[in-house]
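The block underneath contains the structure these notes are about, expressed in structure tokens.
Letters go in sequence order (proteins before strands), and every chain restarts at 1.
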Amino acid sequence: MPYNEPSPLEVKVLTRRFGLADSASLDTYLATGGYEALKKALGMTPGEIIEEVKLSNLRGRGGAGFPAGTKWGFVPRDSARPKYVVANGDEGEPGTCKDRLLMEYDPHQLIEGMAIAGLAVGAHAGYIYVRGEFRYIIRILERAVEEARGRGYLGGNILGSGFGFEVYVQSGAGSYECGEESALLESLEGRRGVPRIRPPFPAVSGAFQSPTVLNNIETYSAVPAIIREGGAAFAALGTPRNGGTRLFCLSGHLNKPGVYELPMGFNLLRMIHEVGGGIPGGKRLKAVIPGGSSCPVLKAEECDIAMDFDSLAKAKSMLGSGGVVVMDEDTCMVQAARRIMEFYAHESCGWCVPCREGTNWLRRLLRRFHAGEGSRSDIDLIGDVARNILGRTFCPLGDAAAMPTIAFVEKFRDEFEAHLEGRPCPFEGRRREVPAP
Amino acid sequence: MTFSPELEARFEKLLKSYPEGRESSALVPMLLYAQDEIGAVTPELVEEVARRLRLTPAAVESVVSYYSMLRKHPVGKYHIQICTNISCQLTGGEELFEHACRKLGIGNREVTPDGLFSIEEVECLGACSWAPAIEVNYDYHHKVTPEALDRLIDSLRKLH
């Protein structure tokens, strides 16, 4: 049984097997339309598969929202080197807990999606890179791969078609940065997860210096439905240029937090009140981080918004990886900004100076500030340091640390001011009391 | 250095999953799986893995120092990892962490004198919708209250 009750408002495409008995088994998968899309794809040309994915308006579910079909189209048709398909299961963006469920409850859907990607770009091997903490998921995936190989859905000659595709499962060992595509490839090759300079992009030179398609777990998991039902049907579930459904991870101050599959463009306020059951204790909404900790916070009055990539971009935030973090009126925004910065300072790989030093300065500033030892000039200094990280790093981690910080200061300046002159945090007394043992 | 037959089988499988000549790709998972068996990444393990993958010990060390799950010193038999990142913070993760430290009388990254428990404040575990979340070794626990953590610790202690 999944971790939370489903909502009647869900549109279950990727999660339709969640809750079925043995949903991860090949038998359950086959009994519910599994590997039908792969059979269909084996009768299509690579160009037709890519066209169908383009038609679906599927955009990368890892955070950047890049159109998946376009990405696949960047892989050169002719290559002297073998090509690879890599799935990013390094789920670590604070607020995000969906790939874990897709791997746990429907590993064959992921494997099928990767095999279809292999067909589309001419790759014969794929890697699922899974964060090290997800050891039980690695076991589930390895079992699924073995099952699929045993019955001819993977291997040297899939279903007698002459097409061969193998899937391997690789464990990480604790690093947020390895969720960044080029750092992931470094880790996959046995090195520190330090990002690569691009270009060349992975489509040209990725895993083992070979052309590589690299997508998020959820992105591949959407592919079987797209091929089975057609790209247009998937696109029609969402909004223009934002096809399909998406797994939204509702967390924070909610009566019914959980992972829910909803159409792209679903209204954020409805998500909070009708899907997530509203805010406990009848408290008022203060703010929402709409797509994981890297995304600039929205004030309550900005939350009447369609949850798709373009609407969030217009509101100067991001849809990111689908992590919707809800904060009630008692939440201290200085404390939230501080905790998020602790994270980025911890996870910075240290390669780019603005990120390595900047996140550390910001961490010290925000700690000091929350302790009531900040000065008025620190408020602008926080924004200034953050803006000096922006756009000055090789990978997006620097921006991911800077953007939410700038938004916290701009939108909640009054709360920063309330911490000045040695005043204790005005929200301190409202923290949840924990009894001593 | 000798490993269990299961670990040797795991290494063999790993080494076959990369293109020829790319065996050093196995480094990160090899270190983690070996650490699970022997408790820490010891200097002997670094030497052994370096020899098997034809890397220098320095190259292996540099990888060990990068990944947060790889450690040079053993942790407790039950390593309690408590997330205090944003979603867990909002639902009591920091208080849960403080509670665990008080309960066991140790601080972050410390081990109880009997070697049974250790605590680590960790970053996002990917369980945000069921916060606060902890992982004890590789087992997830969701929506953990201080009382539930007490019960868990007490039940683990009774096993010994």
Side-chain angles (χ1 to χ4, degrees), chain A residues 3-4 82 91-97 99-100 125 127 131-136 166 168-176 187-194 208 210 249-253 257-259 289 293 323 325-327 331 335-336 339-340 343 346-347 349 431-437, chain B residues 13-14 16-19 22-33 35-36 53 55 59 62-63 65-70 81 83-92 94-96 98-99 102-103 122-131 133 135 137-140 142 145-147 150:
Chain A
Y3 298 88
N4 53 271
E91 184 161 69
E93 172 79 8
T96 316
C97 48
D99 296 333
R100 186 180 150 195
Y127 295 88
R131 63 179 293 179
E133 291 86 347
F134 287 173
R135 176 61 59 83
Y136 79 102
E166 298 284 355
Y168 306 100
V169 184
Q170 176 97 351
S171 174
S175 162
Y176 168 72
S187 180
L188 177 64
E189 295 183 21
R191 290 185 289 269
R192 296 165 69 93
V194 173
F208 315 115
S210 299
C249 319
L250 273 54
S251 74
H253 298 135
V259 175
I289 298 170
S293 65
V325 185
V326 177
M327 296 179 273
T331 311
Q335 178 77 322
R339 184 60 189 84
I340 287 172
F343 169 69
H346 181 263
E347 300 297 336
C349 81
R431 282 170 75 193
R432 205 211 288 194
E433 289 298 319
V434 177
Chain B
K13 189 178 167 194
L14 262 178
K16 278 192 247 164
S17 46
Y18 314 104
R22 294 287 191 160
E23 287 74 17
S24 62
S25 299
L27 180 57
V28 175
M30 250 176 110
L31 287 167
L32 187 62
Y33 288 119
Q35 171 180 282
D36 289 342
L53 297 180
L55 295 165
S62 106
V63 164
S65 69
Y66 176 88
Y67 292 92
S68 66
M69 291 176 74
L70 300 177
Q81 301 145 80
C83 175
T84 60
N85 208 312
I86 187 74
S87 302
C88 288
Q89 181 194 47
L90 294 173
T91 49
E94 289 186 334
E95 292 84 349
L96 188 67
E98 287 159 19
H99 175 84
R102 279 199 305 272
K103 162 107 180 156
V122 293
E123 296 299 349
C124 186
L125 288 169
C128 318
S129 292
W130 316 287
E135 209 181 5
N137 299 341
Y138 286 110
D139 293 328
Y140 273 84
H142 300 118
T145 61
E147 301 73 36
D150 284 349

Measure distances from [X] to the heavy atoms of chain A and classify the residue's part below 4.5 Å as side chain, backbone, both or neither.
X	answer
B:Asp36	side chain
B:Lys16	backbone
B:Leu14	side chain
B:Tyr18	both
B:Ala127	both

Quick one, [X] and [Y] - any side-chain contact, counting heavy atoms below 4.5 Å?
X	Y	answer
B:Glu135	A:Phe134	no
B:Glu123	A:Pro94	no
B:Leu32	A:Arg135	yes
A:Cys349	B:Tyr66	yes
A:Glu133	B:Val122	no

Is a side-chain donor or acceptor of [X] paired with a backbone partner of [Y] at a separation under 3.5 angstrom?
X	Y	answer
B:Ser24	A:Gly190	no
B:Ser129	A:Leu250	yes
A:Arg339	B:Gln89	no

Please flag which part of [X] lies under 4.5 Å from any non-hydrogen atom of chain B: side chain, backbone, both or neither.
X	result
A:Val325	side chain
A:Glu93	backbone
A:Tyr176	neither
A:Ser187	both

- Query: Which one of B:Tyr138, B:Trp130, B:Tyr33 has the most heavy-atom pairs closer than 4.5 Å to chain A?
  - Reply: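 Answer, by heavy-atom pair count under 4.5 Å with chain A: B:Trp130.
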- Among B:Ala131, B:Gly126, B:Cys128, who wins on heavy-atom pairs under 4.5 Å with chain A?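 Going by pairs under 4.5 Å, I would pick B:Cys128.
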Pairs of heavy atoms under 4.5 Å with chain B: top-ranked of [options]:
options	result
A:Gly252, A:Gly95, A:Gly92	A:Gly95
A:Cys97, A:Pro82, A:Ala173, A:Ala125	A:Ala173
A:Gly323, A:Gly132, A:Gly193	A:Gly193

- Query: So, B:Ser65 and A:Arg192: side-chain donor and acceptor under 3.5 Å apart, yes or no?
  - Reply: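 There is such a pair between these side chains.
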- Classify the angle between the aromatic ring planes of A:Tyr3 and B:His142 as parallel (below 30°), tilted (30 to 60°) or perpendicular (above 60°).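 Rings of A:Tyr3 and B:His142: perpendicular, over 60°.
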- Query: Considering residues at least two apart in sequence or located in another chain, which fulfil the ring pair (Phe, Tyr, Trp, His ring centres under 6.0 Å) criterion with B:Tyr67?
  - Reply: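 For B:Tyr67 there are no ring pair (Phe, Tyr, Trp, His ring centres under 6.0 Å) partners, ignoring immediate neighbours.
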- Item | Nearest-0.5 Å distance, OG of residue A:Ser251 to CG of residue B:Leu90 |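 Between atom OG of A:Ser251 and atom CG of B:Leu90 there are 7.0 Å.
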- What distance do A:Phe208 atom CZ and B:Ser25 atom OG have between them, rounded to the nearest 0.5 Å?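 With rounding to 0.5 Å, CZ (A:Phe208) is 4.0 Å from OG (B:Ser25).
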- Query: Between B:Pro29 and A:Ser171, which heavy-atom pair has the shortest distance, and what is it?
  - Reply: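 What the structure gives for the nearest pair is CD-O, 3.8 Å.
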- List in chain and number order the residues that pass salt bridge (charged side-chain N to carboxylate O under 4.0 Å, His left out) with B:Glu23, two or more places apart in sequence or in another chain; answer none if no residue qualifies.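 Applying salt bridge (charged side-chain N to carboxylate O under 4.0 Å, His left out) to B:Glu23 gives none.
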